[in-house]
K.L.:
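Take a look at this one; I'll ask things after.
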Amino acid sequence: MKKTVQELIKEGSRFMKVPMIVGSLVIAAGVLATYFFADFLATRSAEDFQQSTEEQITIFARNIEARTTEFEQILLLLAAFTRSMPEITQSGWSDYVAQSQVVERHEFILGIGYVDAVRADQLAQYEQDRQARQPGFRITPEGNREFYTAIRFLQPNNEVNQRAIGYDMFSESARRQAMSKARDEAKASMTTPVKLIQDEGVTDRMGVLVYYPVYASNSVPVSVEDRRAQLRGFTYIVFRPDDLIADIEETDSSEQLQSSSFVVTDTSTGLIMANQVATPAPRETQYDATRQSTIIDKQWSIALSSYQPALQRYTAPGVTFLLGIVASFAMGGFVTYLMTRRLIRLDEQHQTELQRTKDELLALTSHQLRTPASGVKQYIGMLLQGFVGALTPEQEAIAKKAFAANERQLETINQLLHVAKADADQLVLQKESLDLTTLTEQIIDSMHDDAEDHETEFILKSPKRKPVMIYADERYMRMVVENLLSNALKYSETGKPVTVTICERKEIVLLSVRDRGVGIEEADIDKLFKKFTRIPNALSKSVGGSGLGLFLAQQIMVAHGGDIEVDSKPGRGSIFTLTLPVDTTKSVTKEAV
Amino acid sequence: MKKRILVIEDDQALNDAFRLILSKDYEVDTAFDGKEALDQTDKSTYDVILLDLLMPVMDGKAFLRAFDNKHNTPIIVFSNLDAKSDIEEVSQLGASRYMLKSWASPKELLRLIEDTLSEA
């Protein structure tokens, strides 16, 4: 029998409990694994960003160091240049500095200058000498000090820088510290951030100066005393640290730095040299890094905060999570599907096996039962049919009852066998063209005695002088009609006739059997044709009569492309109606035997 | 002279029953399986053979295959098997009639044999 989709689903759901649990476990495991993996990715993404922030600050510090290290080289060269010259002129200085192109290359450098060292006893002579060459030259600030320095040249020689000419940087403590250190250690030294003379009254921005000592002797004096005694002056570079950092940011750094916040401070004074405040976008994650960096001989501390956009941070974990969830559900569904399919197959195999075993058992049992019953039929038949002489009426009555009982038994065995076949969908029909009226007349004739026993009769109503042709297996049709008629007798009230009506409507042939008996409760009507597949019940009921017969009747009618219906009212009797397609073979109609 | 019938039936009760029914009008020999029946047909010829299908040692179909029917003896298969395939198979194997055991009463059996003999 073909199953509808709904039946299949219903059937499938019967097997889906365990697969659903397993599938759910697979989904749960998948989701859990996905969660941990996504979490791992999110952590790694954060770690990666932290690491990139660290890398960024490293590059940042390295860039500052690289630029400032260059200063020392430049100052060293300038020192050597000045020492080699007995007298340096403004133009000579300008040319030399211009040749180095340092200022051109580094916009953050305000100037490269040369400072004379002047002892107190040389002051008057020095100022006089300078004024001869640089009219208006004066050492500022004024006042009596043991030791003076004076800015002699500052390239580029522009208006702003000219303000610084003559300034005694040694008079200011931050500069003095750096100058003293450079002088004593014979290497470059840098100031902490200071206010520049050039900037006085112009800006509050800080500057930083790097000094390199110039000694009178050809070689660098060994002792500190000698270095102090031989000091001729300093070459120096003045620059703005914020410009330096802006330059780094502009030229060397990644976009990340530009969107980062950072503060560069001089460690010893805590003075802020560069400060960039970036406003993080909403839901950005902040990563901090700090670095101490040695610039020339000073410690600068760099604090940097970079911000990871939420999208960047959560894209990989998010996509992973979504894909993981989808994959988990797909996997779970697939596992459920596979398991369900497997279980259904196993069940089908089991059912088939069961059906086969049942059929074999039924077939075997039926054959085994039929043989002795056939023997009984032959022996009682011999008695009844006079093979051993005439019987007394009493003997004959008894033999007849025994014969009838044996016939019923044979009938039941037959039905059992056919039920087995119908269940296995193996009803093989040997169809031929039959006149249903003739067939029914024969059956009614053969049941005449039964009808008399019930003190009733059959009334056949059918089209006169016109055969009602069907295309059917005579044996099976006989079985069905006999079954309906014997049921009708069984449930009729004595004396009330059973009406059999045969008619043809369009393409359908109808045969209805009407009894005026006890009728059937509506609730029981559906049960009438129910399959008695559960053998113990089927057997016990079939012995009584109709149950097995009606099931078989329906199977047979369906196999013929027809059906069987019942209409009944309790207490008023029942009408069983057979429907069959009309015979369309159009072959030469053959009278039913 | 009475016509000769060979009844091949493994069930003792049925075998006896057939003999009882038929022996009034015919000379009846019996066999309980195909092998025994072949021995009988080797020794004598019969006018009709009544053959069961399900039997031990050699069943009815095997008998039909093994039996060399020189005299065109009509064979009535008398069995409880009613599948179309069985009926067709034994018909091809040379059986001339097929009768369901449980459907035939003694009188019907006699009539069947009379019919068969009159046709032969």
Side-chain angles (χ1 to χ4, degrees), chain A residues 359-360 362-389 399-400 402-418 420-422 424 426-432 446 473-476 478-479 482 559 593, chain B residues 5 7-26 28 30 32-33 50-56 59-61 76-91 97-115:
Chain A
D359 292 345
E360 279 171 2
L362 261 178
L364 187 72
T365 314
S366 306
H367 282 298
Q368 297 283 33
L369 288 173
R370 257 209 293 214
T371 302
S374 302
V376 172
K377 179 169 182 160
Q378 297 306 325
Y379 285 106
I380 301 177
M382 278 190 268
L383 285 178
L384 280 173
Q385 293 173 346
F387 281 71
V388 287
K400 262 189 179 168
F403 191 82
N406 188 56
E407 284 296 289
R408 268 215 316 279
Q409 177 165 320
L410 275 171
E411 162 105 11
T412 304
I413 296 166
N414 254 342
Q415 284 179 343
L416 267 179
L417 205 63
H418 288 299
K421 283 183 192 168
Q426 279 176 354
L427 280 184
V428 179
L429 302 178
Q430 290 165 276
K431 288 188 186 175
E432 55 189 328
S446 73
D473 184 312
E474 193 198 332
R475 260 185 329 148
Y476 283 121
R478 191 181 283 272
M479 206 183 281
E482 269 177 4
V593 185
Chain B
I5 296 180
V7 173
I8 313 169
E9 164 66 60
D10 65 308
D11 186 77
Q12 183 71 55
L14 272 177
N15 196 304
D16 289 349
F18 293 147
R19 184 205 285 275
L20 277 169
I21 295 164
L22 301 172
S23 54
K24 209 169 101 189
D25 302 324
Y26 305 99
V28 182
T30 57
F32 289 86
D33 60 59
L50 201 60
L51 176 67
D52 188 19
L53 283 184
L54 294 177
M55 290 183 296
D59 68 14
K61 288 176 189 172
I76 302 169
V77 170
F78 204 60
S79 167
N80 271 326
L81 293 180
D82 60 354
K84 198 179 175 186
S85 55
D86 287 325
I87 297 169
E88 280 170 1
E89 192 182 348
V90 297
S91 161
R97 280 173 190 258
Y98 200 105
M99 189 72 182
L100 266 182
K101 238 186 235 174
S102 58
W103 284 17
S105 71
K107 267 189 182 165
E108 281 164 331
L109 175 63
L110 279 174
R111 198 181 307 136
L112 179 71
I113 288 173
E114 276 164 30
D115 288 353

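Quick caveat, the model's predicted, so the values are computed rather than measured. We use all heavy atoms of the structure for the numbers below, so side chains are in, but hydrogens, waters and symmetry mates are not. Just so it is clear: chains get the letters A, B, ... in the order the sequence lines come, proteins before strands, and each one is counted from 1.
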K.L.:
Side chain from CB out, backbone as N, CA, C, O: work out which of these in Asn15(B) comes under 4.5 Å of a heavy atom of chain A, or both, or neither.
P.N.:
neither
K.L.:
Mark yes or no for whether Tyr379(A), through its side chain, and Leu14(B), through its backbone, hold a donor-acceptor pair below 3.5 Å.
P.N.:
no
K.L.:
Identify the heavy atoms of Asn80(B) and Arg370(A) that sit nearest to each other, and give their distance.
P.N.:
O-NH2, 2.6 Å
K.L.:
What is the distance from atom CD1 of Ile21(B) to atom CD of Gln378(A), rounded to the nearest 0.5 Å?
P.N.:
4.5 Å
K.L.:
Taking every non-hydrogen pair under 4.5 Å, which of Lys101(B), Lys107(B), Glu108(B) racks up the most with chain A?
P.N.:
Lys107(B)
K.L.:
Restricting to non-hydrogen atoms, name the atom on Gly381(A) and the atom on Pro106(B) that form the minimum distance, rounded to 0.1 Å.
P.N.:
C-CG, 3.4 Å
K.L.:
Pair Phe387(A), Leu20(B) - check side chain to side chain contact (heavy atoms under 4.5 Å, CB included), show working.
P.N.:
CA-CA 9 Å; Phe387(A) 281 71; Leu20(B) 277 169; over 6 Å; no
K.L.:
Under the criterion side-chain hydrogen bond (donor to acceptor under 3.5 Å, both in side chains), which of Glu407(A), Gln385(A), Lys377(A) is the partner of Ser105(B)?
P.N.:
Gln385(A)
